[in-house]
There are 2 protein chains.
Amino acid sequence: MAQDTRANILDTAEALFSERGFYGVSLAAIADRMRLTKQALLHHFGSKEKLYGEVLERISHRFRTIEDEIDTPGVAPDEVFCAYMMRLYQLSQERPDQTRLLVRELLDNRRRANTAGTWYLTAFLQGLIDRLKVLPDWQYASEADCLALVYQLLGALNYYAISQPTLTGIFGSPAYAALDTAFPGRFERLVAGALTAGP
Amino acid sequence: MAQDTRANILDTAEALFSERGFYGVSLAAIADRMRLTKQALLHHFGSKEKLYGEVLERISHRFRTIEDEIDTPGVAPDEVFCAYMMRLYQLSQERPDQTRLLVRELLDNRRRANTAGTWYLTAFLQGLIDRLKVLPDWQYASEADCLALVYQLLGALNYYAISQPTLTGIFGSPAYAALDTAFPGRFERLVAGALTAGP
DNA sequence: TTCATAACTTACCATATGGTAAGTCGTCAA
DNA sequence: TTGACGACTTACCATATGGTAAGTTATGAA
């Protein structure tokens, strides 16, 4: 039950932080939504910063598990890379909260003495780069070139994932629905195109 | 002098809002940096929300002027599109504050009843789509396909622009410098690749 | 000279913030 | 039965927040 409450707090905190950012959310706001007092949160987590830290940590942990599920032997490396990117697209859509929070971290990184922003990305980005360098066309490409491509693709995904409200606002729900249908296919072609073009 | 102060306030506000977000910045913080009292800001802008609104408005205005400078007659349409994208890359690097603030707006759009997020993007995105639909390969592509591609490219740019601190943190300054050199070339190829691949 | 107005400042104020201290209450092992 | 402990709550507190009200001071037109 205790672990349950903790997890619930982390869930609500994640949702709220992702919507309003660290400064936009008060402990009281999180507590209210759970019919608790803010002191309950302080009891469990010690401080707002620590609570926020655990939210990030949990996301980081989630990310670490994706790596494993994608590597299936006997599949062509370019397809592995492509599949990985599509999996990331899927993930960015399935967990928009998480995506938003990570983008917020990217923005806030410069301010907070947050080693946190670095943590999960390091291994994750390196993994992507490695999977790219396996490809015949890319094995002699510079690290920088690989990272640039990988990051461009990640950007395409994550930027889109945080734009849903704005895009719906601009183009309306039907048009957004059409875009949302078209997006994954287009993204797949973008990835494939970039791969075959070579460095 | 008065207009000067106003502009200065808007400058500092833009810088601070872009670094910490709306809730992360207090009127006092902005005022302090200018050796003014927060009441001076309230005198000029009425409220924090209005000050923030004017910051956005000013950015929006800046954006509207790019459109004009790019259309040069006698240039092949695919080069126009490509040049436009490269100009946007350049802009995202020249004014990282602006880029960060816009991404923050994307994130916060859902919360604030902000029509502001919509304003500048509408014409801007439509302009990009139109410039894409001019191309022979793309003239019969669906609006959704065009928007998807355009948005993917924008995402690649803007996501990268807000990631400088994180990327430096992960890979170190020299590696980041190499990445920064490689990025525009790679981005140009991404654009070109996507264009020639067709819809 | 006068007087209005703009550009501020000092003085407040209600509210919200993160956090501390000291309880209350139920559970569960000894 | 007791007593420790975990999961909370109520009571506070110093500080910061956005905002109002009422000055003060400089400038420039009548």
Side-chain angles (χ1 to χ4, degrees), chain A residues 1-58 101 104-105 107-109 111-116, chain B residues 1-58 101 104-105 107-109 111-116:
Chain A
M1 288 297 122
Q3 286 309 311
D4 224 42
T5 315
R6 255 186 85 92
N8 285 342
I9 293 175
L10 285 170
D11 284 341
T12 16
E14 184 172 335
L16 281 173
F17 281 136
S18 87
E19 272 186 39
R20 310 187 180 193
F22 182 77
Y23 290 118
V25 179
S26 68
L27 289 175
I30 302 169
D32 277 1
R33 188 179 276 208
M34 309 187 59
R35 302 188 169 233
L36 285 177
T37 59
K38 65 175 177 171
Q39 283 72 12
L41 311 201
L42 287 170
H43 169 70
H44 283 290
F45 297 95
S47 76
K48 190 186 177 182
E49 284 280 357
K50 283 180 191 163
L51 167 58
Y52 185 74
E54 288 216 32
V55 170
L56 288 183
E57 183 48 48
R58 215 173 49 147
L101 199 49
R104 282 193 193 278
E105 263 306 292
L107 287 162
D108 292 347
N109 231 351
R111 170 180 42 90
R112 210 172 295 139
N114 224 341
T115 55
Chain B
M1 289 293 127
Q3 286 308 309
D4 223 42
T5 315
R6 254 186 86 94
N8 286 341
I9 293 175
L10 285 170
D11 284 340
T12 19
E14 185 173 335
L16 281 173
F17 281 138
S18 87
E19 270 187 39
R20 310 187 181 195
F22 182 77
Y23 290 117
V25 179
S26 69
L27 288 176
I30 303 169
D32 278 0
R33 188 178 278 209
M34 310 188 57
R35 302 183 169 237
L36 284 176
T37 59
K38 64 176 177 172
Q39 283 70 13
L41 312 201
L42 288 170
H43 169 70
H44 282 291
F45 298 96
S47 77
K48 189 186 179 183
E49 284 279 357
K50 283 180 191 164
L51 167 58
Y52 185 74
E54 287 215 34
V55 170
L56 288 182
E57 181 51 46
R58 215 172 50 146
L101 199 48
R104 282 193 194 276
E105 262 307 292
L107 287 162
D108 293 347
N109 231 350
R111 169 181 42 91
R112 211 170 297 139
N114 224 340
T115 54

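Reckoned from all heavy atoms, side chains included, excluding hydrogens, waters and symmetry mates. In what follows, every chain begins at residue 1, and chains take the letters A, B, ... in the order their sequences are listed.
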Undergrad: For B:Leu41 and B:Ala31, which heavy atoms make the closest approach, and how far apart are they?
TA: CD1-N, 4.0 Å
Undergrad: In this structure, how many angstroms lie between the P atom of D:dA7 and the CG atom of A:Asp4, rounded?
TA: 12 Å
Undergrad: If you check the B:Lys38 side chain, which of D:dT17, C:dG18, D:dG19 turns out closest?
TA: D:dG19
Undergrad: Can you check the A:Glu49 CD to C:dG18 C1' distance for me, whole Å?
TA: 11 Å
Undergrad: In whole Å, what is the span from the CG atom of A:Leu27 to the P atom of D:dT9?
TA: 13 Å
Undergrad: Nearest of C:dT10, C:dC8, D:dA7 to any side-chain atom of B:Ala40?
TA: C:dC8
Undergrad: Taking only the side-chain heavy atoms of A:Ser47 (C-beta and beyond), determine which of D:dC8, C:dG19, C:dT10 contains the nearest atom.
TA: C:dG19
Undergrad: Testing the basics here: between B:Lys48 and B:Phe22, what is the closest heavy-atom pair and its distance to 0.1 Å?
TA: NZ-O, 2.9 Å
Undergrad: A:Gln39 side chain: which of C:dT17, D:dG18, C:dG19 is closest?
TA: C:dG19
Undergrad: Indicate yes or no for a side-chain donor-acceptor contact from A:Arg33 to the backbone of A:Thr12 under 3.5 Å, with no hydrogens or angles considered.
TA: no
Undergrad: Between C1' on C:dT17 and CG on A:Leu42, what's the gap in Å once rounded to a whole number?
TA: 11 Å
Undergrad: So which nucleotide from D:dC8, C:dT17, C:dA6 ends up closest to the side chain of B:His43?
TA: C:dA6
Undergrad: Rounding to an integer number of Å, can you tell me how far B:Ile30 CD1 sits from D:dG18 C1'?
TA: 12 Å
Undergrad: I want to verify a distance call: between D:dG18, C:dT17, D:dC8, whose nearest atom is closest to the B:Ser26 side chain?
TA: D:dG18
Undergrad: Verify the contact: side-chain N or O of A:Thr5 to OP1 or OP2 of D:dC8, cut-off strictly under 4.0 Å; return yes or no.
TA: yes
Undergrad: Grab the CZ-C1' distance between A:Arg35 and D:dT9 for me, whole Å please.
TA: 16 Å
Undergrad: Can you tell which of A:Glu14, A:Glu57, A:Glu105 makes a side chain to side chain contact (heavy atoms under 4.5 Å, CB included) with A:Tyr52?
TA: A:Glu105
Undergrad: Whole angstroms only, please: what is the CG-C1' distance between B:Leu51 and D:dG19?
TA: 14 Å
Undergrad: What's the shortest heavy-atom distance between B:Met34 and B:Thr5, and which atoms?
TA: CE-O, 4.4 Å
Undergrad: Could you give the OH-to-C1' distance, from A:Tyr52 to C:dG18, as a whole number of Å?
TA: 17 Å
Undergrad: Within the modelled atom types, does a donor on one side and an acceptor on the other bring the side chain of A:Lys48 and the base of C:dG19 under 3.5 Å apart?
TA: no
